[in-house]
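Only this structure's heavy atoms are used, side chains among them; waters, hydrogens and symmetry mates stay out.
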Amino acid sequence: MSAMPQAAPISNTPELTVSELSAALRRTVEDRFGYVRVRGEISNYRGPHSSGHAYFCLKDQSARLDAVVWKTTLQRLKTKPEEGLEIIATGRVTTFPGKSSYQIVIDAIEPAGIGALMALLDERRRRLAAEGLFDQARKQPIPYLPNVIGVVTSPTGAVIRDIVHRIRDRFPRRVIVWPVRVQGDTSAVEVAAAIRGFNALHAGFPRPDVLIVARGGGSLEDLLGFSDEIVVSATAEGLIPLISAIGHETDTTLIDHAADLRAPTPTGAAEKCVPVRAELLDALGNVGTRLAAASRRHVERQRNDLRALSRALPTAESTIAVPRQRLDAATRSLENAVSRAVDTRRLPLGKAAHLLARHSPQAEFAAARGRLDGAAKRLAGAYAATLRFAAQRNANDRARLISLSQRLSARTQNSLDLNRERVGTLQTRILRAQKSCDERRRAKLVSLAQLLGTLGYRSVLARGFALVRDAGGRPLRRVADLEPGDRLSLQFADGYMPAVAGEAPGRLRPAPRRAARPASASQDSLF
């Protein structure tokens, strides 16, 4: 027979559900560790969640603790969570029933010591430098003398008084102050907003030519806001040149790397903004004196060079002397050639005229008349001698006389036609010879006229020279012939320009153009 099962022992411990136990554990943990400060290294941090909350772990050599930072808390944290950063977290320890784990809800974060803070700043500096925010190529030059200076600092500290006092002493300029907190959780946000606000000013408000971000000395934690990423980004994005003057010369923040210029102190930033007015006036006076002396030396050197060049430049008279002599010689040669040609043509023409005069119709008629008169005389003598034979020879003599008259008339007409033909031939030859001679002389005159145009003084003026005349129209060859105030006339290739010695020349007026005479007219005047 089998043994009966034994009944479970009855216990007076109350029965709890999982939720009840989790809630009890949560109350116990929160009552025991309501507000704690925990030191540890951030691990497994991947940035904010899509909800805006941040989740990560705090660990040391032998344990780890889950941590959460709510969205509203994360936005106002001065030190943001970063992977591997050792921090001191302040918050409440609680449990998460969904995972049966405990965690810390962080309200504040601060770096765990100077070493960790320096490591954080160094890592941030390398990351921002890799993004190009510290490149020298993007830095702008500081204006030499800005009209408006914008200052981002606390309005109640000694920094703004030092800056304004130093600017007023050196060179008074308009200063616009954008008040911000230079220490605390909101310092970085206010400084970044001030930098962006100055850069966003429109034409209705005086826009600064240069910005100064300044703060007095302090500890590394006090200056931490000026190493925040939003401040560095606003500095790098700004279009207005920016001077950083944070702390003392030994203090270094990340805004110093992004700024266009770093000043050791706020007072030093004011000195880099504006020059000393008295020194500037002295420098300007010295430069003006040197400039005036240099101008005088330059003018004197140019005047000496002009004198040397004028001495080396040939005068207009010497330039046209040789062409003038050539023209005179060519004129004499032309006159002699024309005279010889006329003499050469005159002798054959005289012979032809003498020959034509001898065989003219009048001479022929005179000779015939003389012969007729002689014949008549002989006829009268013969008539008287042969009167006794008149009766029987009258008919014969009349016939002979008629025949003789006919032969004489025919001979006279033939001689007249022959002489007329010879005169026409000679006249044609003379006209042809005269026309050929005229054409040769005309071509020679045209060539001489072209040579005169090439070698004349007007072609010299066309090459860039000028002819200087006095008030009477006489050419001037030396500077010694001038006196200050003398009126001059400068002839160029395209006109005349009045001038006064020692004064600025007047306006150009065009020279009257002479109508060129046809070559044929000038040649025809020679005959």
Side-chain angles (χ1 to χ4, degrees), residues 26-96 99 101-125 127-128 154 180-194 215 217-234 246-247 251 253-255:
R26 182 174 184 176
R27 287 193 298 271
T28 302
V29 171
E30 290 180 352
D31 291 342
R32 175 64 180 84
F33 304 100
Y35 201 76
V36 297
R37 298 181 73 229
V38 180
R39 179 169 184 161
E41 179 181 341
I42 297 178
S43 175
N44 198 25
Y45 179 69
R46 296 296 181 267
H49 192 267
S50 59
S51 61
H53 310 313
Y55 300 94
F56 54 89
C57 297
L58 291 177
K59 68 176 183 178
D60 56 11
Q61 292 82 358
S62 57
R64 56 173 289 172
L65 173 64
D66 292 338
V68 59
V69 181
W70 304 128
K71 177 181 178 180
T72 55
T73 305
L74 183 62
Q75 293 175 350
R76 62 177 176 81
L77 284 181
K78 182 178 179 181
T79 301
K80 305 296 183 183
E82 295 183 15
E83 181 70 19
L85 179 63
E86 185 178 5
I87 63 172
I88 298 177
T90 303
R92 299 177 293 103
V93 177
T94 184
T95 62
F96 180 54
K99 292 178 59 177
S101 62
Y102 62 95
Q103 63 185 9
I104 180 172
V105 179
I106 298 176
D107 293 332
I109 293 177
E110 56 183 285
I114 298 299
L117 185 58
M118 292 299 295
L120 171 65
L121 294 179
D122 187 63
E123 189 278 333
R124 185 179 298 171
R125 179 186 60 79
R127 177 161 48 80
L128 295 178
S154 173
V180 296
R181 292 186 179 90
V182 294
Q183 184 175 343
D185 296 340
T186 62
S187 172
V189 177
E190 294 183 12
V191 172
R215 185 199 189 283
S219 63
L220 184 61
E221 290 80 0
D222 296 336
L223 306 179
L224 195 60
F226 295 95
S227 297
D228 198 282
E229 291 188 33
I230 59 173
V231 176
V232 176
S233 298
I246 309 303
D251 297 327
T253 58
L254 296 185
I255 192 177

From CA spacing to verdict: side chain to side chain contact (heavy atoms under 4.5 Å, CB included), Arg76, Thr72 | CA-CA 7 Å; Arg76 62 177 176 81; Thr72 55; over 6 Å; no
Might you work through the side chain to side chain contact (heavy atoms under 4.5 Å, CB included) test for Ile88 and Val38, ending with a clear yes or no?
-> CA-CA 6 Å; Ile88 298 177; Val38 180; over 6 Å; no
Take Val191 and Val182 through the side chain to side chain contact (heavy atoms under 4.5 Å, CB included) test and state the conclusion after the steps.
-> CA-CA 8 Å; Val191 172; Val182 294; 5.6 Å; no
Give the C-alpha distance, both sets of side-chain angles, the deciding distance and a yes or no for side chain to side chain contact (heavy atoms under 4.5 Å, CB included) between Phe226 and Leu254.
-> CA-CA 7 Å; Phe226 295 95; Leu254 296 185; over 6 Å; no
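With hydrogens and angles ignored, the 3.5 Å screen pairs no side-chain donor or acceptor of Lys71 with any backbone N or O of Pro48. The closest donor-acceptor contact from the side chain of Ser233 to the backbone of Glu229 lies under 3.5 Å.
Counting heavy atoms of neighbouring residues, nucleotides and ligands inside a 6.0 Å radius, atom NZ of Lys80 exceeds 12 of them. Within 6.0 Å of CZ in Arg127 there are more than 12 heavy atoms belonging to other residues, nucleotides or ligands.
How far CG of Asn44 is from OH of Tyr55: 13.5 Å, rounded to the nearest 0.5 Å. Distance CZ/Phe56 to CD/Gln103: 11.0 Å, rounded to 0.5 Å. For the atom pair Leu58 CG and Glu86 CD, the distance stands at 10.5 Å (nearest 0.5 Å). Summarising the geometry, atom CD belonging to Glu41 is positioned 10.0 Å from atom CD1 belonging to Ile87; distances are rounded to the nearest 0.5 Å.
The two atoms that bring Glu82 and Tyr45 nearest to each other are CA-CD2, 4.2 Å, heavy atoms only. The heavy-atom pair separating Arg92 from Tyr35 by the smallest distance is CG-CD1, 4.4 Å. Taking every heavy atom of both residues into account, Leu121 and Leu224 meet most closely at CD2-CD1, 3.6 Å. In plain terms, the two heavy atoms of Ala192 and Ile230 that are nearest each other are CB-O, 3.6 Å. Nearest heavy atom pair, residue Tyr102 against residue Asp66, reads O-CB, 4.0 Å. Nearest heavy-atom pair across Ile255 and Ile246 is CG2-CG1, 3.8 Å.
Counting heavy atoms from C-beta on, the side chains of Ile109 and Pro81 come closer than 4.5 Å. Side-chain atoms of Val231 and Ser187, non-hydrogen and from C-beta on, never get closer than 4.5 Å to each other. Using a 4.5 Å cut-off on side-chain heavy atoms (C-beta onward), Ile106 and Thr90 make no contact.
A donor-acceptor contact under 3.5 angstrom links the side chains of Thr94 and Arg26, judged on distance only.
Salt-bridge check for Arg39 with Glu110: failed, with every basic side-chain N at 4.0 Å or more from each acidic carboxylate O.
Under the rule for a salt bridge (charged side-chain N to carboxylate O under 4.0 Å, His left out), the partners of Arg181 that lie at least two apart in sequence or sit in another chain are Glu190.
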